[in-house]
2 protein chains.
Amino acid sequence: MMTAKRSATAEKILQLSAELFAKKGYDALSLRDIANACEMKAPSLYNHFKDKETLYRAVLQTVFAQESPQLLSCFQTGESPEVQLKSFIHKACLAVSKDSIFSSLFLRELLSSEGQHIQFLAEEVMAETCQAIHDVLVKIEPKCDSHFMTTSLVGLIVFQFQMNKMRPFMSGSEPKHTEVAYITEQIESMIFNQIAAIKTT
Amino acid sequence: MMTAKRSATAEKILQLSAELFAKKGYDALSLRDIANACEMKAPSLYNHFKDKETLYRAVLQTVFAQESPQLLSCFQTGESPEVQLKSFIHKACLAVSKDSIFSSLFLRELLSSEGQHIQFLAEEVMAETCQAIHDVLVKIEPKCDSHFMTTSLVGLIVFQFQMNKMRPFMSGSEPKHTEVAYITEQIESMIFNQIAAIKTT
DNA sequence: GTCTATAACGAGATAGAC
DNA sequence: GTCTATCTCGTTATAGAC
C-alpha cells in the first residue's frame with residue numbers, strides 16, 4: 001500500500017505533531033500548539049491537512065510505519081527463532097526507551113472510547129510485526145499460546161517503560177529499574193522462562 | 001486520613017463522573033457532559049466541587065479507595081504466600097474485567113505529561129496494595145526482583161484486559177482470550193513460572 | 001441556608017472565507 | 001498565509017425554589 005507523497009512542510013508537521021499528540025493527547029493538543037511548533041499560524045495547517053482528525057490519522061500511520069521495518073528486520077535473519085525473538089525484544093525496548101511516541105500513541109488509542117482507530121492500528125499498522133512475533137513463538141514452542149504471549153510481550157514493553165515515571169514514588173524501586181538494559185533483560189527472562197515452562201510439560 | 005463526609009448528590013456526581021473520566025479522559029470530558037449524566041446543569045456542580053480539577057482528584061481518590069480493601073483482604077488471611085498471591089491475581093482480574101474504570105484512570109495518568117497525579121497515585125492510593133504484593137513476593141522467593149515483578153503483574157492485568165478491544169482484529173486470537181478465567185490463568189502462570197525459574201537458579 | 005437553574009463572560013478551540 | 005466567524009469550554013454572578 002503506497003502512502004501518498006508529501007511535501008516537506010507536511011512531513012515537518014507530521015513529525016512535530018506526532019511528538020505533541022503523544023505527549024498531550026488528541027483533545028488536549030490544539031492546532032495552535034502544533035502550528036506554534038512548526039512556526040506557522042494554525043489555519044495554515046489546513047493547507048496540508050483536511051482537518052485535525054485527518055492529520056492525526058496520518059500521524060498514526062507514519063509513526064508506526066517508521067518503526068516497523070526496523071523491528072521486522074529481526075525476523076529476516078538466518079538466526080535461530082530464539083535469537084530472532086531476543087533481538088526483537090532488545091530492539092523494541094531500545095526503540096521505546098529512546099522515544100515513547102510509538103507506545104504513548106498506542107496506549108492512548110487503546111484507552112480511547114471510540115474504537116475507530118483500533119482496527120486501523122491492528123490491521124494496517126501492527127499486523128505485520130505482531131504476526132512475525134506470533135510466528136516465531138510458534139516455531140520456538142508450538143504448544144504455547146502464541147497470541148497471549150505476543151500481547152504479553154508487547155504489554156510488558158509498553159507498560160514497563162511508561163512506569164519509569166512512577167517508580168521514584170514506589171517502594172522497592174532502585175535506579176537499575178529504569179535502565180533500558182535491565183528492563184530488557186527482565187522482560188526477556190519472563191518470556192523465555194514461560195516458554196521453557198511450557199516446553200517441559 | 002479522614003475523607004470529608006459527602007452529600008448524596010456529591011456521591012452521585014463522583015460515581016457518574018468517574019465512569020466518564022475513565023471513558024473519555026480529562027480534557028475530552030466537559031462539565032456539561034457530567035452535569036448531563038447527573039441530570040443537572042453545569043454550574044450546579046460548583047455547589048459540590050470547587051472546580052473540575054478538584055472533582056477529578058476526588059474521583060481518583062474514591063475510585064481507588066473503593067477497590068483497595070477488597071484487594072488487600074487477600075493478604076490478610078492465614079493462607080500461604082502462594083495462595084495469597086493467587087487469590088489476589090484472581091480478585092484483581094475479576095475487578096478489572098467487571099469495570100475498567102480503575103485501570104483506565106490509572107493508565108491515563110501514566111500517560112499524562114504533567115506528572116502531577118503520579119506521585120499522588122503511587123503514594124496515597126496504590127502504595128498499600130503494591131507494598132502487599134511486594135512483601136508476599138519476597139516471602140515466596142527472596143531472590144526475585146519483587147519491584148519488577150510487582151509492576152509486571154500490575155501491567156499484565158491492566159494491559160491484557162484493555163487489549164480485549166483489539167483482539168478481534170488480531171491474528172491468532174480466539175474467543176477464550178477475552179475470557180476472565182483464561183486471562184487470569186495465563187497471568188498467574190507467567191508470574192509463578194518466573195518465580196519457579198528464579199527459585200531453581 | 002442549601003441547592004438549583006439561567007444568563008453571560010472571557011479564553012481558546014476548530015474551521016471556513018478571503 | 002492571515003483574518004475572522006462560530007462554537008464550546010470552565011467559570012462566575014445572580015436570582016428563584018425547597
Side-chain angles (χ1 to χ4, degrees), chain A residues 4 6-62 104-105 108-109 111-114 116-117, chain B residues 3-63 104-105 108-109 111-114 116-117 120:
Chain A
R6 282 185 230 278
S7 71
T9 51
E11 284 292 346
K12 183 172 144 194
I13 294 170
L14 279 176
Q15 295 300 327
L16 291 172
S17 65
E19 197 180 323
L20 295 171
F21 273 122
K23 198 172 287 179
K24 312 195 25 167
Y26 185 86
D27 294 289
L29 180 64
S30 74
L31 292 179
R32 283 169 157 143
D33 291 336
I34 299 173
N36 231 332
C38 302
E39 294 169 314
M40 32 193 318
K41 301 291 178 183
S44 304
L45 295 171
Y46 285 84
N47 290 321
H48 304 278
F49 298 96
K50 183 172 143 285
D51 55 17
K52 190 182 182 183
E53 170 68 19
T54 305
L55 168 59
Y56 180 65
R57 274 190 77 115
V59 162
L60 281 187
Q61 197 155 27
T62 56
S104 291
L105 289 174
R108 286 191 188 281
E109 279 311 315
L111 280 168
S112 166
S113 48
E114 326 122 38
Q116 316 174 30
H117 301 129
Chain B
T3 65
K5 202 173 173 182
R6 280 186 232 277
S7 71
T9 49
E11 285 291 348
K12 183 172 144 194
I13 294 169
L14 278 175
Q15 295 300 328
L16 291 172
S17 66
E19 199 182 321
L20 295 171
F21 274 122
K23 198 172 287 181
K24 310 192 35 166
Y26 184 86
D27 294 291
L29 181 63
S30 75
L31 291 180
R32 289 170 172 86
D33 290 336
I34 299 173
N36 230 335
C38 301
E39 292 169 314
M40 9 182 349
K41 301 296 177 182
S44 304
L45 294 171
Y46 284 82
N47 289 312
H48 305 277
F49 298 95
K50 185 172 142 286
D51 55 16
K52 190 184 182 184
E53 170 68 18
T54 305
L55 168 59
Y56 179 66
R57 274 190 79 112
V59 163
L60 281 186
Q61 196 154 29
T62 56
V63 163
S104 290
L105 290 173
R108 285 192 188 279
E109 280 311 316
L111 280 169
S112 165
S113 48
E114 327 122 37
Q116 315 175 35
H117 301 129
F120 170 68

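The figures here come from the full heavy-atom set of this structure, side chains too, leaving out hydrogens, waters and symmetry mates. So you know, we letter chains A, B, ... as the sequences are listed, proteins then strands, and number each from 1.
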Nucleic acid contacts of residues 13-31 of chain B, taken as heavy-atom distances under 4.0 Å to DNA chain D: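 Under 4.0 Å from DNA chain D: B/Leu29, B/Ser30, B/Leu31.
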
Please give me every residue in residues 32-42 of chain B whose heavy atoms get under 4.0 Å of an atom in DNA chain C, ordered by residue number. B/Arg32, B/Met40, B/Lys41

Measure the spacing between [atom1] of [X] and [atom2] of [Y] and express it to the nearest 0.5 Å.
| X | Y | atom1 | atom2 | result |
| --- | --- | --- | --- | --- |
| B/Leu60 | B/Phe21 | CG | CZ | 8.5 Å |
| B/Thr54 | B/Tyr46 | OG1 | OH | 9.5 Å |
| A/Leu20 | A/Leu29 | CG | CG | 5.5 Å |
| A/Leu31 | A/Ser44 | CG | OG | 11.0 Å |
| B/Ser112 | B/Leu105 | OG | CG | 12.0 Å |

When the distance from [atom1] of [X] to [atom2] of [N] is rounded to whole Å, what number comes out?
| X | N | atom1 | atom2 | result |
| --- | --- | --- | --- | --- |
| A/Phe49 | C/dT14 | CZ | P | 15 Å |
| A/Leu45 | C/dT14 | CG | P | 9 Å |
| B/Lys50 | D/dT11 | NZ | P | 8 Å |
| B/Tyr46 | C/dA7 | OH | P | 19 Å |
| B/Lys52 | D/dG10 | NZ | P | 4 Å |

Under the rule for side-chain contact (heavy atoms from CB on, under 4.5 Å), what residues qualify as partners of [X], not counting sequence neighbours?
| X | result |
| --- | --- |
| B/Ala35 | B/Ala42, B/Leu45 |
| A/Asn36 | none |
| A/Glu19 | A/Lys23, A/Ile101 |

Closest contact, heavy atoms only, B/Ile13 versus B/His48: CD1-CD2, 3.7 Å

B/Ser44 vs C/dC3: side-chain N/O to OP1/OP2 distance below 4.0 Å: no

Looking at B/Arg108 and B/Tyr26, would you say the former's side chain and the latter's main chain have a donor-acceptor pair under 3.5 Å? no

Going by atom types only, do A/Glu53 and A/His117 share a side-chain donor-acceptor pair under 3.5 Å?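 A/His117 and A/Glu53 do have a side-chain donor-acceptor pair below 3.5 Å.
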
Base, sugar-phosphate alone, or nothing: which one does B/Asp51 contact when heavy atoms must sit under 4.0 Å apart?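 Sugar-phosphate contact only.
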
I'd like to compare against my own output: the B/S/- annotation of nucleotides 13-18 of chain D with a strict under-4.0 Å heavy-atom distance to protein. ------

